[in-house]
Number of protein chains: 2
Amino acid sequence: MTVTDGQSMSDAAKDDDPMTGVKPDHAARVAELIDRLGRMTRELQYVDGLNPAQWEALRYLNRANRYSRTPGGVADFLGATKGTISQTVSALEAKGLIARTPSDRDKRVCLIDLTAEGERMIARDPVRCIETIVGGMDDRTAALMVDGLGRLMASLQFELGSKPFGVCAACCRHLAPEAGCKKSEAVPKCGMTGEPLQGDAPQRICVNYLGDAAE
Amino acid sequence: MTVTDGQSMSDAAKDDDPMTGVKPDHAARVAELIDRLGRMTRELQYVDGLNPAQWEALRYLNRANRYSRTPGGVADFLGATKGTISQTVSALEAKGLIARTPSDRDKRVCLIDLTAEGERMIARDPVRCIETIVGGMDDRTAALMVDGLGRLMASLQFELGSKPFGVCAACCRHLAPEAGCKKSEAVPKCGMTGEPLQGDAPQRICVNYLGDAAE
DNA sequence: TGCATAAAGTATCGAGGCGAAACCAATTTG
DNA sequence: CAAATTGGTTTCGCCTCGATACTTTATGCA
């Protein structure tokens with residue numbers, strides 16, 4: 001990386017700007033950075049014939065648990081309409097990255113799985129470069145960023161009135177059933193049908209990966 | 001805020017997930033969070049009849065210095081094409097938020113200023129809600145976030161091959177002329193014409209606000 | 001000086017994303 | 001069993017944005 005950060009506050013201890021001698025407004029800068037990073041991340045994802053929405057859907061489908069891998073789940077998670085997601089999903093299917101199979105439990109829903117091709121695509125996820133960059137930072141900074149960004153997102157989700165974590169909040173309850181489940185026990189999502197999650201489900205469960213807030 | 005964050009790591013000291021007992025991958029989570037926050041921030045900005053691009057342009061125009069407030073400056077900063085920006089700027093002008101005045105120095109360029117209406121609009125900037133949320137965090141976390149996100153952005157900009165800071169890198173040099181200026185002294189941008197920045201220019205100068213990396 | 005080239009902006013076109021609304025099928029509820 | 005709900009899809013149209021072509025002004029080179 002050749003971009004040497006002339007006057008960055010790498011040690012994060014300084015709290016006044018060497019340029020102006022003025023104490024910077026962290027909050028404003030975070031807002032600015034989030035905004036710009038979002039734009040760049042977006043741009044980053046016009047790769048391999050996919051668009052950002054498709055990448056995001058693919059990522060979600062890759063790590064959501066079995067009962068969350070439906071068009072509706074994607075829609076909830078991405079905060080988009082079902083119609084829009086239907087197109088996104090169709091696009092991914094047309095590219096051979098996912099496969100739709102109708103559920104036998106509820107004939108309205110269709111379960112989605114990544115194909116081998118899809119797995120291969122995920123391995124080339126462009127946002128992975130963010131991972132590597134962050135991976136190069138010290139662990140403490142990374143941890144604090146996770147914490148701060150996570151809280152920021154929870155607040156924003158509330159602000160926007162979107163479901164805290166889409167279908168994943170339900171997933172969370174499954175893992176901790178003693179927390180109580182408001183819906184009837186026949187809720188088809190998230191393994192709350194009583195059917196125990198088998199295989200890697202507990203690991204790949206969406207709630208842990210996608211956030212840690214439970215409504 | 002009603003979203004109580006069940007098992008968030010608010011103290012940022014825990015480094016293993018209470019759910020799985022597994023040490024989480026901070027880097028992956030940051031990537032995920034950036035991605036999702038970007039999407040939410042985007043959505044947040046469909047307000048007051050503006051779209052995200054228009055808000056971003058308006059924000060830039062609000063804080064860029066005099067010589068950076070041109071369509072080209074916006075294009076560089078936002079990483080969009082001139083054609084696209086021309087439309088964005090036209091839209092903002094049609095809404096009465098900005099005013100274009102041809103430069104007398106170079107008849108090709110047009111200087112842009114926010115109108116009173118534009119200032120009023122900026123005061124209602126929807127991303128300000130991010131500011132307030134972050135403002136509620138402890139200063140140390142906020143500072144570390146600024147640091148981490150700033151470095152992340154610098155790296156990403158390099159990755160994407162975009163100008164480190166658009167026209168603002170030049171601004172930076174103006175503020176620290178001893179750092180050397182590669183271009184001829186007649187560069188019309190950023191006050192490097194030799195004409196001293198007057199008034200609030202040093203404060204509102206873009207480089208400090210928009211980043212701290214100098215190529 | 002004069003011509004070629006570059007640069008700033010604008011206008012036009014077209015592709016594509018996305019929400020809205022209508023719709024279908026299956027399920028749940030009274 | 002009818003009515004209302006829910007998961008998904010389709011169609012339509014708006015709007016964003018990049019590509020391209022074009023105009024005007026600057027600059028560079030002989």
Side-chain angles (χ1 to χ4, degrees), chain A residues 39 42-43 45-46 49-57 67-95 98 100-112 162-163 166-167 170 183-190 193, chain B residues 39 42-43 45-46 49-57 67-95 98 100-112 162-163 166-167 183-189 193:
Chain A
R39 166 170 286 269
R42 187 176 177 74
E43 190 153 351
Q45 291 179 92
Y46 284 101
L50 300 189
N51 62 40
Q54 289 165 1
W55 273 113
E56 271 177 288
Y67 303 99
S68 306
R69 293 199 297 271
T70 69
V74 180
D76 281 348
F77 182 72
L78 263 53
T81 63
K82 291 185 302 177
T84 297
I85 293 304
S86 186
Q87 300 175 67
T88 300
V89 167
S90 295
L92 289 175
E93 189 180 36
K95 294 174 201 292
I98 62 173
R100 266 188 278 213
T101 61
S103 165
D104 49 354
R105 190 181 311 269
D106 181 338
K107 294 206 193 71
R108 291 172 304 177
V109 327
C110 67
L111 287 325
I112 305 178
S162 56
K163 281 194 195 174
V167 294
K183 298 190 169 188
S184 79
E185 107 177 65
V187 173
K189 282 182 197 165
C190 292
T193 48
Chain B
R39 165 169 288 267
R42 187 176 178 72
E43 189 153 350
Q45 291 179 90
Y46 283 100
L50 300 190
N51 62 40
Q54 289 164 2
W55 272 115
E56 271 177 290
Y67 303 99
S68 306
R69 292 200 298 271
T70 68
V74 180
D76 282 347
F77 182 74
L78 263 53
T81 63
K82 292 185 301 175
T84 297
I85 294 304
S86 186
Q87 300 175 67
T88 299
V89 167
S90 295
L92 290 175
E93 189 181 36
K95 294 174 201 291
I98 62 172
R100 269 187 276 214
T101 61
S103 164
D104 48 354
R105 192 182 309 272
D106 181 336
K107 295 207 192 72
R108 293 172 304 177
V109 326
C110 65
L111 286 325
I112 305 177
S162 57
K163 281 194 194 175
V167 295
K183 299 190 168 188
S184 80
E185 106 178 66
V187 174
K189 281 182 198 165
T193 49

Which sits closer to the 5' end of DNA chain C, A:Asp104 or A:Ile85, going by the nucleotide each is nearest to?
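Result of the comparison: A:Ile85.
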Contact nearer the 5' end of DNA chain C, comparing A:Lys107 with A:Arg42
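Checking each residue's closest nucleotide, the 5'-ward one belongs to A:Arg42.
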Check every atom of [options] against the side chain of [X] and return the nucleotide holding the closest atom.
| X | options | result |
| --- | --- | --- |
| A:Val109 | D:dT24, C:dA26, D:dG7 | D:dG7 |
| B:Gln87 | C:dT12, C:dT27, D:dT25 | C:dT12 |
| A:Cys110 | D:dC17, C:dG19, D:dG8 | D:dG8 |
| B:Arg108 | D:dA26, C:dG19, C:dA25 | D:dA26 |
| A:Pro71 | C:dA26, D:dG8, C:dA8 | D:dG8 |

Given [N], is OP1 or OP2 found less than 4.0 Å from the side-chain N or O atoms of [X]?
| X | N | result |
| --- | --- | --- |
| A:Arg105 | C:dT27 | no |
| B:Arg100 | C:dG9 | no |
| A:Thr70 | D:dG8 | yes |
| A:Thr84 | C:dC18 | no |

Indicate yes or no for a side-chain donor-acceptor contact from [X] to the backbone of [Y] under 3.5 Å, with no hydrogens or angles considered.
| X | Y | answer |
| --- | --- | --- |
| A:Ser90 | A:Ser86 | yes |
| B:Gln54 | B:Asn51 | yes |
| B:Arg69 | B:Ile112 | yes |
| A:Arg100 | A:Leu111 | no |

First locate atom NZ of A:Lys82, then atom OG1 of A:Thr70, and finally report the distance between them rounded to the nearest 0.5 Å.
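Going from NZ on A:Lys82 over to OG1 on A:Thr70, the span is 10.5 Å.
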To the nearest angstrom, how far is [X] atom [atom1] from [N] atom [atom2]?
| X | N | atom1 | atom2 | value |
| --- | --- | --- | --- | --- |
| A:Asn51 | D:dG18 | CG | C1' | 15 Å |
| A:Glu43 | D:dT16 | CD | P | 18 Å |
| B:Trp55 | D:dT16 | CH2 | P | 15 Å |

Hey, does B:Lys82 reach any base, or is it just sugar-phosphate, or nothing, if we go heavy atoms under 4.0 Å?
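Touches a base.
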Which is true for B:Ser90 with a 4.0 Å heavy-atom rule: it touches a base, it touches only sugar-phosphate, or it touches nothing?
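Counting heavy atoms under 4.0 Å across all strands, no contact is made by B:Ser90.
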